[in-house]
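Throughout, numbering of the chain's residues begins at 1 and tracks the sequence.
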Amino acid sequence: MTTMGRTEGMEKINFDGWDRSSTFHHFFNVAQSTYSITVKIDVTKVIDFAKKHQMSFYIVMT
């Protein structure tokens with residue numbers, strides 16, 4: 001919950017005095033974060049299209 005600009009249970013981090021500051025900055029600025037999900041998708045029409053046009057399924061999906 002936010003109250004007048006403050007978030008309850010949270011506090012600002014003083015990066016100058018935090019011993020993990022360099023690690024945080026590496027992952028925040030340098031390392032590329034990604035998210036992945038897994039879902040079921042019916043690709044029957046895509047497969048039919050690829051076969052009809054003699055194309056690779058992989059190429060059609062990219």
Side-chain angles (χ1 to χ4, degrees):
M1 173 186 286
T2 303
T3 306
M4 297 192 55
R6 293 189 57 205
T7 303
E8 291 182 26
M10 298 183 152
E11 60 184 73
K12 288 186 176 182
I13 297 172
N14 177 1
F15 288 107
D16 295 330
W18 188 34
D19 60 345
R20 295 185 50 104
S21 177
S22 63
T23 303
F24 171 82
H25 286 296
H26 169 76
F27 284 100
F28 188 78
N29 296 318
V30 179
Q32 189 174 18
S33 299
T34 61
Y35 295 92
S36 298
I37 62 170
T38 302
V39 295
K40 290 185 177 185
I41 300 175
D42 181 3
V43 294
T44 305
K45 291 183 180 181
V46 176
I47 293 171
D48 292 342
F49 177 87
K51 286 180 181 179
K52 179 179 178 182
H53 293 89
Q54 297 180 338
M55 298 174 70
S56 161
F57 174 77
Y58 177 78
I59 297 297
V60 171
M61 291 299 291
T62 56

Using the ring pair (Phe, Tyr, Trp, His ring centres under 6.0 Å) criterion, which residues pair with [X]? Sequence neighbours excluded.
X	result
Y58	none
F57	none
H26	none

Inset, instruction - Output all residues satisfying side chain to side chain donor-acceptor pair (under 3.5 Å) with S22, sequence neighbours left out; order by chain, then residue number. - result: none
Legend entry - Partners passing side chain to side chain donor-acceptor pair (under 3.5 Å) against D42 (at least two apart in sequence or in another chain): T44
Legend entry - Cluster companions of Y35 among Ile, Leu, Val, Met, Phe, Trp, Tyr (side-chain spacing under 4.5 Å): none
Could you tell me which residues satisfy side-chain contact (heavy atoms from CB on, under 4.5 Å) with [X], sequence neighbours excluded, listed by chain and number?
X	result
F15	I13, W18, S21, F24, H25
I41	V39, V43
T23	R20, F27

